[in-house]
Amino acid sequence: MIKTLLSQIKQYRKSSLLAPLFSALEVVMEMMIPLIMARIIDKGIESGNIGNVYIYGVIMLIIAMFSLLFGALAGKYAAEASTGFACNLRESMYENIQTFSFSNIDRFSTSGLVTRMTTDVTNVQNSYQMVLRMCVRAPFMLVCALVVCFFINVKLSLVYVGAMCFLGLALGLIIKKAMPLFDEVFKKYDDLNESVQENVSAIRVVKAYVREDYEKERFSKSVNNLYTLFVKASSILAYNGPVMMTAVYGCIIAISWFGAKMVVQNTLTTGELTSMFSYIMSILMSLMMLSMIFVMLTMSAASARRISEVLNEVPDIKNGENPVMNVADGSIDFEDAAFAYKKDSCENVLENINIHINSGETIGIIGGTGSSKSSLVNLISRLYDVSKGSVKVGGINVKDYDIEVLRNQVSVVLQKNVLFSGSILENLRWGNENASEEECINACRLACAHEFIEKLPDKYNTHIEQGGTNVSGGQRQRLCIARALLKNPKILILDDSTSAVDTATDARIRHSFAVEIPNVTKLIIAQRISSIQDADRIIVLDDGRINAIGTHEELIENNYIYREVYESQINGSGDFDGKGDD
């Protein structure tokens with residue numbers, strides 16, 4: 001874990017070294033000031049030599065200026081290193097997430113990934129900044145102060161040792177009690193982010209079902225859980241202050257008592273006693289800083305583990321040594337293919353899949369909910385890999401292709417239609433970033449989207465809100481189809497992506513496909529038989545297995561499942577599209 005995180009320091013190594021160096025120099029300067037103060041008192045004020053007062057005063061001023069300079073430089077480099085470290089962590093996490101296959105993504109919740117890239121990285125950033133400054137400053141100050149104190153007076157310095165033992169024991173107990181609570185705190189962040197994400201993304205559903213009060217209560221519960229744990233942990237840490245003050249005042253009283261006797265006995269000078277008082281705060285504050293470092297490091301340890309999980313996640317799907325860089329045609333072959341979402345799963349969601357699809361053929365896929373229709377087509381573009389058997393495109397195993405080349409030739413319109421904030425043209429050009437406006441318009445005509453776009457105030461420059469919330473479901477689907485067409489693929493997969501358009505528009509889309517892109521292999525998943533009845537062949541899936549393959553007429557005659565669905569829809573219970581939702 002530590003090795004993984006430290007590898008992200010990269011170009012900020014210099015700053016990471018300079019910050020502790022200047023912190024150490026700052027401590028050296030600070031430790032010299034009480035000694036100079038003792039000289040001013042002993043050799044200037046008590047001896048009545050004003051010249052020495054001026055000389056040592058100037059020296060103290062110079063040392064103080066250097067201390068200030070070194071402290072500022074330490075702060076600057078620590079801030080630069082920690083913020084750069086956080087930036088690298090976020091970039092590396094985001095880059096690795098982009099390489100994830102669907103199976104990798106399934107292992108992390110969306111809210112969990114958001115928390116890791118925000119709250120967790122911020123925790124690690126703060127800890128790293130504290131480490132660069134305090135992990136050098138606190139121990140170095142402690143050691144230097146103790147060395148100087150023992151140099152001044154060994155017996156009196158034993159008071160510090162006693163105070164350190166007391167303070168160390170007390171702080172150890174505080175940290176032991178607080179740490180488990182902080183581990184729990186970070187587990188609650190995912191729940192909080194999940195509540196926010198779900199509520200915002202599904203705000204229309206919340207309002208439609210008048211569930212605002214329920215969502216408020218749910219969110220309030222998450223916040224209060226987090227609040228309760230934080231308060232409990234912080235309440236324990238609050239004992240740091242009283243314990244610290246007890247040690248400080250105990251030291252002051254003990255040194256005043258014993259030191260005064262030594263001054264009277266002429267075994268200690270007044271200046272040396274004054275400097276000993278200065279070192280009380282230096283030593284005990286060092287211990288306090290060390291305790292806070294341990295607290296912060298323990299708090300961030302959970303965050304560091306969560307970040308490392310994302311950085312160390314290895315994509316399940318990646319290119320081979322010499323990947324094929326050209327897809328010959330749109331033919332597809334499933335050869336004894338089986339698939340399970342989890343590698344160690346005993347049950348496959350797809351089993352014994354054997355199909356040959358010719359290039360340019362139109363294939364309909366139908367089946368009940370949970371029959372694994374989407375899982376089947378996801379194997380073609382390697383969004384998932386088969387557990388057994390093989391899938392071939394253009395006569396070559398999909399595992400032998402360069403992933404980017406394969407996916408550029410297999411265009412998928414997924415079940416969940418996603419549009420991004422930006423203009424309609426910007427969204428369309430996700431399919432082809434170099435597409436001209438004329439090409440975008442032509443793709444929209446094929447997807448029957450051109451008509452409604454022309455009615456919009458800004459037409460193709462109309463701004464789309466995040467998630468496409470300012471267009472209807474049917475409009476969203478047609479824009480996604482147009483976007484897929486702009487890739488000029490050899491294989492086009494429509495995963496129930498015309499479910500929100502009326503049957504007339506659906507028929508127009510299918511007709512334009514047949515006329516305009518006859519050489520593209522088309523796989524159409526649908527619940528409505530009217531959407532696939534003109535396909536060259538139709539696959540009926542049942543519980544992850546192929547129940548039947550044939551034309552519409554053949555299946556009506558020979559397949560009970562298909563005939564039952566067809567009759568229910570003909571009687572009006574299966575297809576209830578009205579005028580659409582434009």
Side-chain angles (χ1 to χ4, degrees), residues 102 330-339 341 348-384 386 389-393 398 410-417 477 480-481 484-485 489-501 503 506-507 509-510 513-514 517 520-556 558-566 568-569 574-575:
F102 277 22
S331 63
I332 304 168
D333 293 281
F334 286 84
E335 298 179 352
D336 196 28
F339 170 68
Y341 283 103
N348 292 323
V349 296
L350 287 168
E351 190 74 55
N352 297 327
I353 305 297
N354 288 282
I355 316 168
H356 172 72
I357 299 170
N358 297 314
S359 182
E361 205 173 2
T362 298
I363 301 295
I365 303 173
I366 196 166
T369 302
S371 59
S372 301
K373 301 184 294 295
S374 297
S375 300
L376 178 71
V377 296
N378 284 339
L379 298 175
I380 298 170
S381 56
R382 286 198 79 193
L383 297 177
Y384 290 101
V386 292
S390 66
V391 178
K392 295 180 179 179
V393 170
V398 292
V410 181
S411 200
V412 184
V413 184
L414 297 170
Q415 239 175 342
K416 294 181 180 179
N417 301 282
Q477 286 186 334
C480 289
I481 292 171
L485 291 171
K490 287 185 170 65
I491 299 171
L492 176 64
I493 298 171
L494 303 180
D495 188 354
D496 204 16
S497 50
T498 57
S499 58
V501 302
T503 50
D506 186 15
I509 292 172
R510 286 185 282 111
F513 284 178
I517 51 172
V520 174
T521 305
K522 296 168 281 292
L523 281 74
I524 304 171
I525 296 175
Q527 296 297 333
R528 294 187 308 220
I529 285 182
S530 61
S531 298
I532 57 173
Q533 65 182 16
D534 295 328
D536 297 318
R537 285 184 293 162
I538 299 169
I539 299 170
V540 180
L541 279 178
D542 182 36
D543 196 25
R545 295 173 180 268
I546 295 176
N547 183 269
I549 302 177
T551 63
H552 171 70
E553 291 75 16
E554 290 171 346
L555 293 173
I556 287 289
N558 301 318
N559 187 259
Y560 171 76
I561 295 175
Y562 188 85
R563 183 169 59 250
E564 185 179 41
V565 174
Y566 175 72
S568 70
Q569 292 184 3
D575 189 350

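In this chain, numbering begins with 1 at the start of the sequence shown. Not measured: the values here are computed from a predicted model.
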Can you classify the ring geometry of Tyr384 versus Phe339 as parallel (below 30°), tilted (30 to 60°) or perpendicular (above 60°)? tilted
Ile493 pairs by side-chain contact (heavy atoms from CB on, under 4.5 Å) with which of Val413, Ile380, Ile365, Leu376? Ile380
From Ile481, Val410, Leu485, Val412, residue fulfilling side-chain contact (heavy atoms from CB on, under 4.5 Å) relative to Leu492: Leu485
Hey, could you give me the CD1/CD1 distance between Ile366 and Ile524, rounded to the nearest 0.5 Å? 12.0 Å
Rounded to the nearest 0.5 angstrom, the CD1-OG distance for Ile353 and Ser390 is 12.5 Å
Would Asn352 and Asp336 count as a side-chain contact (heavy atoms from CB on, under 4.5 Å) if you check the C-alpha gap in whole Å, the side-chain angles of each, and the deciding distance to 0.1 Å? CA-CA 5 Å; Asn352 297 327; Asp336 196 28; 3.4 Å; yes
With sequence neighbours left out, the residues meeting ring pair (Phe, Tyr, Trp, His ring centres under 6.0 Å) with Tyr562 are His552
Is the side chain of [X] donor-acceptor paired with the backbone N or O of [Y] at a distance under 3.5 Å, no angle test?
X      : Y      : value
Thr521 : Ile491 : no
Asn354 : Glu335 : no
Ser372 : Ser375 : no
Lys373 : Asp496 : no

Does a sphere of radius 6.0 Å around NZ in Lys490 hold more than 12 heavy atoms from other residues, nucleotides or ligands, not counting ones at 6.0 Å or beyond? yes
Given the rule in the side-chain contact (heavy atoms from CB on, under 4.5 Å) test, do Thr503 and Arg528 qualify, once you have shown the distances and angles that lead to the verdict? CA-CA 9 Å; Thr503 50; Arg528 294 187 308 220; 4.2 Å; yes
Ser331 vs Asn358, test: side chain to side chain donor-acceptor pair (under 3.5 Å). Steps then yes/no. CA-CA 5 Å; Ser331 63; Asn358 297 314; over 6 Å; no
Where do Ala484 and Pro489 come nearest, in terms of heavy atoms and distance? O-CD, 3.9 Å
Do you know the tightest heavy-atom contact between Ala338 and Asn348? CB-ND2, 3.7 Å
Are Ser374 and Asp495 close enough that a side-chain donor and a side-chain acceptor fall under 3.5 Å? yes
Run the side-chain donor-acceptor check on residues 535-548: report pairs under 3.5 Å with partners two or more places apart or on a different chain.
{"residue": "Asp536", "atom": "OD2", "partner": "Thr362", "partner atom": "N", "Å": "2.8"}
{"residue": "Arg537", "atom": "NE", "partner": "Glu361", "partner atom": "OE2", "Å": "2.8"}
{"residue": "Arg537", "atom": "NH2", "partner": "His356", "partner atom": "O", "Å": "2.6"}
{"residue": "Arg537", "atom": "NH2", "partner": "Glu361", "partner atom": "OE1", "Å": "3.0"}
{"residue": "Arg537", "atom": "NH2", "partner": "Glu361", "partner atom": "OE2", "Å": "3.3"}
{"residue": "Asn547", "atom": "OD1", "partner": "Asn559", "partner atom": "ND2", "Å": "2.6"}

Between Ile561 and Glu564, does a side-chain contact (heavy atoms from CB on, under 4.5 Å) hold up when you go through it step by step? CA-CA 5 Å; Ile561 295 175; Glu564 185 179 41; 5.7 Å; no
Quick one: ring-ring contact (aromatic ring centres under 6.0 Å, His included) pairs with a partner in residues 525-545, sequence neighbours left out? none
In sequence, state the C-alpha distance, the side-chain angles, and the governing distance for Leu350 and Phe334, and then conclude on side-chain contact (heavy atoms from CB on, under 4.5 Å). CA-CA 11 Å; Leu350 287 168; Phe334 286 84; over 6 Å; no
